[in-house]
Number of protein chains: 2
Amino acid sequence: MARTGDPARAVTVSALSTLDFALDRGSPVPLYYQLARQLEAAIEHGVLTPGNLLGNEVDLSVRLGLSRPTVRQAIQSLVDKGLLVRRRGVGTQVVHSQVRRPLELSSLYDDLEAAGQKPGTRVVRNEGVPAPADVAEALGVAEGGEVTVLERLRLTHGQPVALLCNYLPASLLDLDDDRLESTGLYRVMRASGITLHSARQTVGARTATREEADRLDEREGAALLTMRRTAYDDTGRPVEYGTHLYRASRYAFDFQLLVRS
Amino acid sequence: MARTGDPARAVTVSALSTLDFALDRGSPVPLYYQLARQLEAAIEHGVLTPGNLLGNEVDLSVRLGLSRPTVRQAIQSLVDKGLLVRRRGVGTQVVHSQVRRPLELSSLYDDLEAAGQKPGTRVVRNEGVPAPADVAEALGVAEGGEVTVLERLRLTHGQPVALLCNYLPASLLDLDDDRLESTGLYRVMRASGITLHSARQTVGARTATREEADRLDEREGAALLTMRRTAYDDTGRPVEYGTHLYRASRYAFDFQLLVRS
DNA sequence: AAGTGGTCTAGACCACCGG
DNA sequence: CGGTGGTCTAGACCACTTC
């Protein structure tokens with residue numbers, strides 16, 4: 001990031017002009033997406049460093065042989081990700097940022113795997129039951145109507161991390177114990193053609209009861225993180241309702257947020 | 001053209017064709033934004049109900065006297081908010097959804113106010129101190145360099161809800177105790193021209209120490225929600241680092257998430 | 001085959017920022 | 001003032017879904 005001794009330059013000009021981008025018009029991948037990915041990679045690898053100006057859109061589009069709207073679409077997608085900031089009359093620059101993990105619908109399995117923890121799962125229960133009142137309301141089914149209940153114990157290094165209890169509309173999909181023990185619920189759902197769209201979560205805390213403490217290998221009265229979630233597919237239909245218990249001594253939720261402007 | 005009276009139609013045609021939108025070309029408000037707001041209002045007020053098809057973009061643009069890209073820009077902004085879903089070859093429809101609160105950089109003050117709780121604040125501490133190691137790292141200043149420390153007790157109905165400890169770079173802004181007691185920290189920062197851009201949060205839980213219990217009016221060993229956060233402005237500069245403690249019996253975090261597709 | 005959204009072009013004018 | 005991004009137009013062709 002050699003801040004040169006040139007006293008007149010407050011902001012370094014980017015090395016973008018020396019970069020060459022490989023755009024393949026024959027590819028089914030959209031041009032704006034190809035460009036966005038390559039810009040992102042350049043930022044990731046430090047070719048474009050924080051504070052660098054990106055150069056104006058018109059020049060860039062001419063150099064790349066693209067129209068300006070297409071270049072804008074690429075840039076906009078990175079702005080939406082929080083990697084770039086645009087200022088009218090100034091230009092587009094790379095944001096300084098220590099961490100860039102996006103906020104996603106948190107899947108405990110994926111989180112643990114990303115942390116290199118090799119998660120394990122023990123399916124404790126997997127059967128059809130009449131829906132209790134809270135479940136019926138969350139899933140939009142009649143109280144007492146059949147739903148699938150799924151109870152799992154999540155482990156890392158052989159130690160319990162969380163107790164997961166999920167309810168799904170009956171006959172939504174086949175929940176094979178073996179598949180559930182080798183991956184996360186959301187992956188099983190996605191593989192069955194269910195596209196998650198949104199979810200509502202509530203995160204709280206409470207102390208462990210005697211029974212919970214036993215199952216999680218904690219002491220009675222230990223602090224637990226609680227999470228209640230309803231997830232919806234892209235038609236707005238509820239596809240999952242769950243209440244989860246996490247050992248606070250071994251797990252915390254980690255978010256990266258972008259402020260809507 | 002209009003759908004024939006085929007009774008076997010699964011999806012109702014929207015009332016959009018009977019709606020009239022008022023677009024003011026003289027206004028400084030962008031046309032796509034005017035349209036987006038009016039579509040959003042129509043959804044909000046139930047004029048466009050979940051499952052309704054929106055009608056194709058070309059017709060809509062002709063009817064409104066706008067170009068298709070402009071109409072698309074309006075629709076896209078609502079798709080990004082999770083209100084609409086587009087399917088190639090099918091159309092654009094309103095998403096069924098019980099709740100539509102977006103996830104935002106959670107400000108406790110705003111959250112409580114939105115819940116009609118009339119939050120109160122007692123500023124316990126507000127002074128310059130040498131930065132401890134964790135604060136120095138989070139804010140990107142030298143260890144022992146001066147930072148402003150702010151400790152506040154947040155109340156509703158005269159009862160403590162949370163104990164907030166925040167650190168800010170010294171001389172970032174004037175923190176007037178009176179203003180802090182009448183509103184939230186983020187509002188004070190915004191009013192000082194600081195535009196928040198992103199934040200990283202970690203949410204966990206633990207049991208209350210004797211002293212914490214006293215200050216929060218809880219019992220020793222009660223479950224507390226913990227939150228650690230670093231917030232950045234749009235240049236990527238850290239502007240705030242905080243560690244917060246919430247009474248789990250009186251507060252929980254509530255999120256609405258959209259899945260990136 | 002017909003209809004939809006997805007992508008792309010080659011221009012245009014405007015609003016804002018800096019010197 | 002010149003340069004930047006912000007907005008807008010009027011077309012075009014393609015990919016996908018449904019009938």
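First the proteins, then the strands, lettered A, B, ... as listed; each starts at 1.
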Report which part of the nucleic acid Pro69(A) touches: base, sugar-phosphate, or nothing (heavy-atom distance under 4.0 Å, all strands). base
Looking across every strand, which nucleic acid part, if any, lies under 4.0 Å from Arg87(A) by heavy atom: base, sugar-phosphate, or nothing? sugar-phosphate
With no hydrogens and no angle check, just 3.5 Å: does a side-chain donor-acceptor pair link Gln76(B) and Tyr32(B)? no
Rounded interatomic separation in angstrom, taking [atom1] from [X] and [atom2] from [N]:
X        : N       : atom1 : atom2 : value
Arg86(A) : dC16(C) : CZ    : P     : 17 Å
Gln93(B) : dG5(C)  : CD    : C1'   : 13 Å
Asp59(B) : dG3(C)  : CG    : P     : 10 Å
Leu60(A) : dT4(D)  : CG    : C1'   : 14 Å
Asp24(A) : dT7(C)  : CG    : P     : 16 Å
Leu31(B) : dA15(C) : CG    : P     : 13 Å
Leu64(A) : dC8(C)  : CG    : P     : 13 Å
Arg25(B) : dA12(C) : CZ    : P     : 18 Å

Identify, between Val58(B) and Ser67(A), the residue whose nearest nucleotide on DNA chain C lies closer to the 5' end. Val58(B)
Mapping Arg68(A) and Asn56(B) onto DNA chain C by nearest heavy atom, which one lands closer to the 5' end? Asn56(B)
Quick check: do Arg152(A) and Asn166(A) have side-chain heavy atoms less than 4.5 Å from each other? yes
Is there side-chain contact between Leu84(A) and Ile43(A), with at least one heavy-atom pair below 4.5 Å? yes
Is there a side-chain contact between [X] and the phosphate of [N], meaning an N or O under 4.0 Å from OP1 or OP2?
X        : N      : value
Tyr32(B) : dC8(D) : no
Thr70(B) : dT9(D) : yes
Thr92(B) : dT4(C) : no
Arg72(B) : dG5(C) : no

Considering only heavy side-chain atoms of Val90(A), the closest of dG6(C), dT18(D), dG18(C) is dG18(C)
What is the minimum heavy-atom distance between Ala138(A) and Tyr241(A), and which atoms define it? CB-CD1, 3.3 Å
Base dG3(C) to side chain Arg88(B), donor-acceptor N/O within 3.5 Å cut-off: no
Report, as yes or no, whether the 6.0 Å neighbourhood of atom CZ on Arg87(A) holds more than 12 heavy atoms from other residues, nucleotides or ligands. yes
